[in-house]
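Per chain, numbering begins at 1; letters A, B, ... match sequence-line order. A quick note: this is a predicted structure, and the numbers were derived from the prediction, not measured. The figures that follow rest on heavy atoms only: side chains count, while hydrogens, waters and symmetry mates do not.
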Protein chains: 2
Amino acid sequence: MSQPRTSVTSRLPLRLAGVTVPTGCAAGWAPQAPSPRKDIRDCSADPLYLPPTATNTSVRLAALRGVMRTQGTHAYIVPSTDAHMSEYISERDARLGWLTGFSGSAGTAVVTQDKATLWTDSRYWTQAERELDCNWELQRTTSIESIGMWILKEVPVGGNVTLDPFLFSIDTWNSYSRALHGSGRTLLPLETNLVDQAWGDQRPLPSSSEIYSLPAEFTGSSWQEKVAGIRQQMEEHSRRPTAVLLSGLEETAWLFNLRGDDIPYNPVFYSYTLLTNTTISLFMDESRLSAVARASLLSGCPGLLCVELQEYGQVSAHLRRYTQDNVTVWLGTEYTTYGLYSIIPQEKLLEENYSPVMTAKAVKNAHEQEMLRAAHVRDAVAVIQYLLWLEKTVPQGQVDEFSGAQHIDALRWAQEHSRGPSFQSISASGLNAALAHYSPSNGSSRALSVREMYLFDTGGQYLDGTTDITRTVHWSEPTPLQKEAYTRVLMGNIDLSRLVFPSNTAGRNVESFARRALWNVGLNYGHGTGHGIGNFLSVHEWPVGFQSNNVPLEAGMFTSIEPGYYRDGEFGIRIEDVALVVEAQTEHQSEETFLTFEVVSLVPYDRKLIDLSLLSPEQIQYLNSYYEKIRAQVGPELRRQRLEEEYAWLQESTEPFPLSSARTVALAPLALAPLLSVLLSGLGA
Amino acid sequence: MSQPRTSVTSRLPLRLAGVTVPTGCAAGWAPQAPSPRKDIRDCSADPLYLPPTATNTSVRLAALRGVMRTQGTHAYIVPSTDAHMSEYISERDARLGWLTGFSGSAGTAVVTQDKATLWTDSRYWTQAERELDCNWELQRTTSIESIGMWILKEVPVGGNVTLDPFLFSIDTWNSYSRALHGSGRTLLPLETNLVDQAWGDQRPLPSSSEIYSLPAEFTGSSWQEKVAGIRQQMEEHSRRPTAVLLSGLEETAWLFNLRGDDIPYNPVFYSYTLLTNTTISLFMDESRLSAVARASLLSGCPGLLCVELQEYGQVSAHLRRYTQDNVTVWLGTEYTTYGLYSIIPQEKLLEENYSPVMTAKAVKNAHEQEMLRAAHVRDAVAVIQYLLWLEKTVPQGQVDEFSGAQHIDALRWAQEHSRGPSFQSISASGLNAALAHYSPSNGSSRALSVREMYLFDTGGQYLDGTTDITRTVHWSEPTPLQKEAYTRVLMGNIDLSRLVFPSNTAGRNVESFARRALWNVGLNYGHGTGHGIGNFLSVHEWPVGFQSNNVPLEAGMFTSIEPGYYRDGEFGIRIEDVALVVEAQTEHQSEETFLTFEVVSLVPYDRKLIDLSLLSPEQIQYLNSYYEKIRAQVGPELRRQRLEEEYAWLQESTEPFPLSSARTVALAPLALAPLLSVLLSGLGA
């Protein structure tokens, strides 16, 4: 969940860089290649050419335009988020996809009576040309400034521009507001969603599956303890808030130790919570609660720890009533919608980037840490099984990206406490791996080959934790550039993993350590370096990570560390591990606490791709001790699961590297000379 | 100049960390040491004890309170800035100092009819206890939240809280506004400054010295070229601003190639500029212009390049008139006062952190780069003379911190194009160097001694550039900790200086490279890592540097690189160089441009303090090539100035370090073993 989706929709943490690319053509798309491609639309051809992957949106657009006319709206803005700013959304919330045919996870559409335009970023340009029909113009940027300028061109002075305020973050609303300010066009929030009206009874129904309590063995603390902790933070805050408003789905799921399956890959359910100093209101479909869950929530009734169950749709009305009194509501502005936010009078708001639930959830207690560690040991077993299976089957030419992804998903499902993948598996061979967000589909999947590098970025949901790991492998001879790039990506992973830094350091201030080995020779990668991760919750868990809007690193936080390198049309490399932030033991003591990372992903790297002569002795030492840890922790689990062949593979793959192979700089001969002469003279030579 | 002063007042770039320390006692100061100290006030003693350094402020406070009563003001807030958010201020603007007796550069006072309180940060707590009398309470924090809470306690509901809006940044005004919002107290901007009224005819007069044009040989381009460049940026901006408002003193000085001496150490003069697409209004005391300067400014009249000279005090009225039309005014919100800002209607504002003049000034052109390099060569001569002089005179016990500072100032004055120091010289021996902002005074100056480390942080103004350098030295045997800490500070300086990074990287994202060697063993420093520097302008030139509000690094920018380590009550270390951002040559090419630093400060480090065994071979290689450069560039200048003894000292001090001394890790023996056996067997041993 969380955050303006532009920053988290990809599997990779995007860098917050302004993508400013010239916009597409107004009348339609013109092919650039000499021979026309058949996989993308050609709206300048006569007749128009549409590939089979495109959706005919004429009827849908007509329906929306009809609704717009009844509302007197000149332009309607449709985003890709849901009312909780979730990273993944349910089918029911895929309004942008339904309206446009475009299935990418990030984009914005604006529709007027005679135009329809989609804005999306470079990851999705080709996909959009495959999926859009010629009703749609494609704009190759996502800047709200560009959307605003388009609106100013298309909407006459005096016109109304409308949107559903429950689908926009506060920041995004403000940006649109600024873009149209003083222009004579009015930006209006409309509580009725016009796409939903057009969608009508074709819109998927809400989930009806059970919402359940996590057994105590899989929680870090009881929900009553968590509520008490948050209330204590409220009391200790200088502004003395009377309530905390939770609109992130992870927030409510974490607070009450409840889970559901409303969103793919994320075990959460539609909900809001208003936790006050005396009451607890949980807005959800209570008919879906398991008996155990209901009993747990009501066990403290009446009293301070009694959960009042209310209808999901009642949150606005309830909040409106609550804020008529002399109250102060604390909320996280990074992921609360403008719709909810605007209900609360300004002077009754306590705005921080993240709610106290988000920040409390980010720091895992000892039991939660143990669970995540344990989940990663079993996860490593599945990944090691997969690596061995690939080694044996790829040379026979029987595996493609899609069947590979299916296989690792199946291996994870076989592990104890598994609840399926934590995101859509990325399985990318050769040049496909250069597209950082690539996922294969059954129809278009590249065969894995010993002649190409293969990257897989996958993870699992387990009752005791969520995992996320990327390995890149080659089954024969990598090119010198592939080997150098892989080694430098690994050096970056190592340098950040072994860094010692003061507590309260922001991730963005240290993420360059993961880049330096690449920078040194003029290489780099275009995505972020890592993200937080949940305990059987989201695989991208805010607010931890290395981006500018992440909170400072603290002991007990988990984050991924995932540098990469991508060469367009050739190959892609990424090495991703999950690490726990722990206290470091340093030679000198001071008032400051120092931290470092403990890597909990436990899968060896591809030896064939490592050029040891680029590594410093310290880096090799680090690798060897990491491999020792893998042997010690994963070895016994492989044996317990009677995976003897995998055990042998692990032993072989974690053989210590010789320190003598390390980088010795051009100066080793010089440095050795005096030492040698001493030694030689000692030998009487 | 520039920026909320809390972030730049010290000689060092402060880190933007929230200092939250319990506040002082309300009734007065209570000594903590068993025997009463005589250098600080004791307001709980009977009779009150005041040291001779304290100022009696009773009459001043009575005068201010009288003025406050006539204005119906319950609390008056007095900051330490001037109307240009300057880092250094003139005596005439030292309102806080006059009112309180406190001479520190950062603080805020609030006065009511019966209370008077000063807020300042930890650098100044002892100084405040020395200088305040018992009319004043000291609050040991600078958070506006704390000031706000104090005001809420002392000012009744319905009361007026006032301030001079031309002395507060937009941000600071907003913070006060938030702190008092909804509290029943009213925050009112008062155009008349009440301290000035109380100060009356005792207030120093404005400077009357000449304001002059820089000769063409000392400018990077003519003022007409600069104006044309800014106007072009206005045209190319999507908001199409019609004017740029310059309120930073450096902005006007740079734009018109004018200099003055209104502010200590900074060759600027009181001024504002409103540059529109058709006119140029320069607000200043035109009677002080040199004939050459006046002729230059008026040479394009009438026309687009004609400067209209207007009275300094007319800027508000002019701006009010100008913004009645259909205009858009571009300004830098980081350093424009709320008073000026609030004149412009919101919809006519183009707000960016920095004006286009600030960002244009930050990137030096080829001639400006050459000038700064040349100034640093002559500056190195003065510093080398000083180091040699110290070596000879300190052992005789004749030098103290103050006379040392005087000596290096004199050596700089003797260099060509010198215009004096670029800031008050920091000259700190032993434990005094642990106070990062320490400057000695004639009365209280510690003797330099061969038993202590000595830190000096000094710089010069030259017609062709501004310099800033810190060296730390020891004339006999440093302790192991001193040597280790110095070496690690040096390693940080080297690691950042030799870093290769993509263009548009923000300084804050790489400054940790200057800290890692310290972090590794649990050490750190509490200030920023560097700041921009001007061409015969401010020694702290925004917006370049390594802090969160600095702009991304670009080729042509100059910044200091200055890691340190400070041990309370014992010693302090800082190693500061100025470096130019240049394009890097990398092994691989990509679309991204890569940058690195070219260090232009050219003074060797103290060999006695370097533990070579901590350095990597790469770091030693870097040091040796830096020393080669010093020899090549400073050696000839020393000879030209017939400083033969200094020349010999330089040769000796820049002898290459043996690479064989570098860190070989605990693993060198292991790594050597196979090599040795090969060699030995080859020898038939």
*Engaged part of B:Phe594 at the chain A interface, taking heavy atoms whose separation is under 4.5 Å*: side chain

*Hey, is B:Arg663 close enough to A:Glu618 for a salt bridge, meaning N to O under 4.0 Å?*
yes

*asked:* Distance alone, cut at 3.5 Å: any donor-acceptor contact between the side chains of A:Asn504 and A:Glu554?
replied: no

_Top of A:Ser512, A:Ser661, A:Ser616 for chain B proximity - count of heavy-atom pairs under 4.5 angstrom_ = A:Ser512

*asked:* Quick one about B:Gln619 and B:Asp495 (side-chain donor to acceptor, distance below 3.5 Å, no hydrogens or angles considered), yes or no?
replied: yes

*Which atoms of A:Leu499 approach chain B - backbone, side chain, both or neither, heavy atom under 4.5 Å*: side chain

*Heavy-atom pairs under 4.5 Å with chain B are the metric here; pick the option from A:Leu523, A:Thr593, A:Thr505, A:Thr596 that has the most.*
A:Leu523

_Under 4.5 Å from a heavy atom of chain A, the part of B:Glu484 involved_ = side chain

*Is chain A contacted by the side chain of B:Leu481, its backbone, both, or neither, given a heavy-atom distance below 4.5 Å?*
side chain

*asked:* On a heavy-atom basis, which atom in B:Ala517 and which in B:Met491 lie closest, and how many Å separate them?
replied: CB-CB, 3.7 Å

*Below 4.5 Å from any heavy atom of chain A, which atoms of B:Ala584 appear? Answer side chain, backbone, both or neither.*
neither

*Do you know which two heavy atoms are closest between A:Gly507 and A:Phe546, and how far apart they sit?*
O-CD2, 3.3 Å

*How far apart are the closest heavy atoms of A:Gly545 and A:Leu553, and which atoms are they?*
O-CD2, 4.4 Å

*Please test A:Glu352 against A:His237 for side-chain contact (heavy atoms from CB on, under 4.5 Å), starting from the C-alpha separation and ending with a verdict.*
CA-CA 12 Å; A:Glu352 296 194 350; A:His237 196 289; 2.8 Å; yes

*Which answer fits B:Phe513, side chain, backbone, both or neither, if we ask what part of it has an atom under 4.5 Å from a heavy atom of chain A?*
both

*Which bit of A:Glu145 comes within less than 4.5 Å of chain B, counting heavy atoms only: side chain, backbone, both or neither?*
side chain

*How about B:Tyr486 and B:Arg488: does a side-chain donor come under 3.5 Å of a side-chain acceptor?*
no

*Given a strict heavy-atom distance threshold of 4.5 Å, which part of B:Ser238 is in contact with chain A: side chain, backbone, both, or neither?*
side chain

*asked:* Quick check on B:Ile620 against chain A: is it the side chain, the backbone, both or neither that has a heavy atom closer than 4.5 Å?
replied: neither

*So which of B:Arg508, B:Glu587, B:Glu347 has the largest heavy-atom pair count under 4.5 angstrom toward chain A?*
B:Arg508

